[in-house]
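Note that the structure is predicted; figures quoted are calculated from it, not measured. Note that these values count all heavy atoms, side chains included, but never hydrogens, waters or copies made by symmetry. Proteins get letters first, then strands, A, B, ... in listed order; numbering begins at 1 in each.
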Protein chains: 2
Amino acid sequence: MTRARRESGGRPRRPTMVDVAREAGVALRTVSRVVNNDPTVGPEYVAKVEAAIAALNYRPDERARQLRTGVTGTIGAAVRRIAEVNPELAAIERTARDSGLTLLAASTDFDEARERDILVSMCRQRLDGIIVEPFGENHAYLQPELDAGMPVVAMDRPMSGISVDCVMSDNASGIGIAFHHLHQHGHRRIAYIGDSERVFSGRERAVAFRAALRAHGEGVEGLVHPGEITAERVAAALDTALRGPEPATALVTGNMDTTLTVLRQLGPQAAARLALVGFDEVPLADLLQPALTVVAQQTAEIGQTAVELLRARIADPGRPVQTVIVPVTLKVRGSGEIPA
Amino acid sequence: MTRARRESGGRPRRPTMVDVAREAGVALRTVSRVVNNDPTVGPEYVAKVEAAIAALNYRPDERARQLRTGVTGTIGAAVRRIAEVNPELAAIERTARDSGLTLLAASTDFDEARERDILVSMCRQRLDGIIVEPFGENHAYLQPELDAGMPVVAMDRPMSGISVDCVMSDNASGIGIAFHHLHQHGHRRIAYIGDSERVFSGRERAVAFRAALRAHGEGVEGLVHPGEITAERVAAALDTALRGPEPATALVTGNMDTTLTVLRQLGPQAAARLALVGFDEVPLADLLQPALTVVAQQTAEIGQTAVELLRARIADPGRPVQTVIVPVTLKVRGSGEIPA
DNA sequence: ATCCTTCGAGATAACGTTATCGCGAGAATA
DNA sequence: TATTCTCGCGATAACGTTATCTCGAAGGAT
């Protein structure tokens, strides 16, 4: 096996369909037909072409095919972090693969400018569609792309400034379930620490928690702590909630980062005494002591639905915009059943 | 903002450079120059073209550019799992971005056929290069692609059947460090449970562990347990190692999955008594009790090096093939310091 | 005043594929 | 036997961009 000829010191030139056609002694179009399994090609031609393909190690250039046909067979996913535990993304990849679609995933990395870069880049690549876990505040800049027919689906949060399909969890019910679970185990002073209300899900969850408190005739003061997830802020919130005349005996954490930060702040002894229900599944939740009771999002369902919504929009760009709310489930493991 | 005109019920047609040129009253080539910031264009032409671009909401088609220029500005990463904790992949993405490269990541999912599909697909897309965390046994089918100039770098494991650049951890030293650490804490009967010796890293680590035992004048029998990572197999290995006349007082686990399986099998009480050093960092290792002492791979270094090796090969396809061994570090957290 | 250079813009040919059209040969029909 | 139809393959034009070449105008030197 010898290195392919190079032209003027650069990369070696790869054989193209023209080369295969010449080698096989047939027309270019016939090679294309064979490559695409067109049944109207005679067996002897198929044999000749396949022999030439093998002899030259020809591989079709996907870029040229995409340019010509107009479709890429690829969808984009702009999520906060690839390479972190992300069951939605895993489900997206699985569903996309099952649909014969390639997935191009990129991390927005909690950076609004980067999110924009990624989305614009995906539009320039003319992907067949984009799933985005939106982070930025305003996505109106995507309106021209929507007008031009780019299918976009939002995941976990809606997008502001544009109207697109969306799939997300039932945040309000999840908080209600967590609260109710602790209430049933005898807790009356239940606190909440979660993400900033500037973030959509943080807002929804904090609002739902306040509503749950009021619905049970409890006051709100000193119990609801949305904000940035930093060790300092969480420590301060814990301090407010757990000390004082009427200390909370139970805690709901609004997302995974908050849950882990709280556990680290509390330390093992305090964590073993405080009733805790976390929003979001936590890796290794079963290995902690006590094992962690959480409100788990149906992440696989969310990812799969995102792809299905996207495919539906690709198939029919004119269909009405749709929002799918996916229910959440309580995973009882121990930490949420500590009595008051 | 009105929907772009559609042609015969299909997707709306996007404006092209030709449309912009017509709108601006300039030549096609001039639009291309403006889009590519060619400084030789007069300011009044730039203004006209930019106005036309804004008026039509023109976005260049990356596919056509790639076809014409021959480079995609994209590298592929075929790893076992995206959407799981994968610091190497995170480092690859970061390094690629800093180099102005787009990353196309896909999960081989521990499936040899799928790995092949992904790699072949990446070759068909004419990506600028591929980083692969190899899984399959034989990659000779990639030889034609290498001959055609496709740059490939292996990560974590070498590839068999072809000769490509590779970056991986110093497995032997890591096992030696783990063994030595436990030995220093007074342990004499130290067992090993790890991945199958059919897997490259599993083989390297098991071999290194046997060597460590012999170097310290210990016998090997009943102490070294490579194999599939299943609950049953690990339970049996634990049983053999920890019972009997000379039970092991310390354990080295060969990778993250083994570590977690061992912890789940032992349960909290037994885990708190057994000295344990794991190979590979474990998420939430600091929250476990006792916190987990591990031999951590320098994953960021590995991912970054992979991109750098790839870029070097892209720049000079003829350079000699290189293997980079990255040292590992011991993270002392508690589980490995339990005395005999 | 003429020539040569430079500079900026336009015409046109690629890149590697697929889609449209056409055409010749053989089969089917009158 | 002449005519139509079908079938299978080939020539050629796109797809949307960049690269090469050309060319006219302006400016400086002789």
Rounded to whole Å, please give me the gap between [atom1] in [X] and [atom2] in [N].
X	N	atom1	atom2	result
Arg65(B)	dC15(C)	CZ	P	17 Å
Leu28(B)	dA13(C)	CG	P	13 Å
Arg63(B)	dT18(D)	CZ	P	14 Å
Arg22(B)	dG16(D)	CZ	P	12 Å
Asp19(B)	dT17(D)	CG	P	9 Å
Lys48(A)	dG10(D)	NZ	P	8 Å
Glu44(B)	dA9(C)	CD	C1'	11 Å
Arg126(B)	dT17(D)	CZ	P	21 Å

Indicate the atoms forming the closest heavy-atom contact of [X] with [Y], along with that distance.
X	Y	value
Pro134(A)	His139(A)	CB-CE1, 3.7 Å
Glu115(A)	Phe135(A)	OE2-N, 2.6 Å
Tyr45(A)	Val41(A)	CB-CG1, 3.7 Å

Of the candidate nucleotides [options], which contains the atom at the shortest distance from the side chain of [X]?
X	options	result
Val41(B)	dG16(D), dT18(D), dA9(C)	dA9(C)
Leu67(B)	dC9(D), dG16(D), dT18(C)	dG16(D)
Ala64(B)	dG10(D), dG16(C), dT17(D)	dT17(D)

Heavy-atom donor-acceptor pair, Arg29(B) side-chain to dA19(D) base, under 3.5 Å: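 Checked by distance alone, the answer is yes.
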Polar side-chain contact Arg33(B)-dG10(C) base: donor and acceptor under 3.5 Å: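 Answer is yes: a donor-acceptor pair is held.
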Residue-phosphate contact under 4.0 Å: Ser32(A) side-chain N/O, dT17(C) OP1/OP2: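 Checking Ser32(A) against dT17(C): no side-chain N or O falls below 4.0 Å of OP1 or OP2.
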Under 4.0 angstrom between Tyr58(B) side-chain N/O and dT17(D) OP1 or OP2: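 So the side chain of Tyr58(B) is within the cut-off, an N or O lying under 4.0 Å from OP1 or OP2 of dT17(D).
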Passing candidate, side chain to side chain donor-acceptor pair (under 3.5 Å) with Arg81(A), options Asp109(A), Thr108(A), Asn86(A):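 Looking at Asp109(A), Thr108(A), Asn86(A), the match for Arg81(A) under the side chain to side chain donor-acceptor pair (under 3.5 Å) is Asp109(A).
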Of Arg68(B) and Val31(B), the one whose closest DNA chain C nucleotide lies more 5':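 Closest to the 5' end, via its nearest nucleotide, is Val31(B).
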Sugar-phosphate, base or nothing in reach of Val26(B), heavy atoms under 4.0 Å: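 Sugar-phosphate, no base atom in range.
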Sugar-phosphate only, base, or nothing, as touched by Thr16(A) at under 4.0 Å among non-hydrogen atoms: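 Sugar-phosphate, backbone atoms only, no base.
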Sub-4.5 Å side-chain heavy-atom contact between Leu103(B) and Leu101(B):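 No. Closest side-chain heavy atoms not under 4.5 Å.
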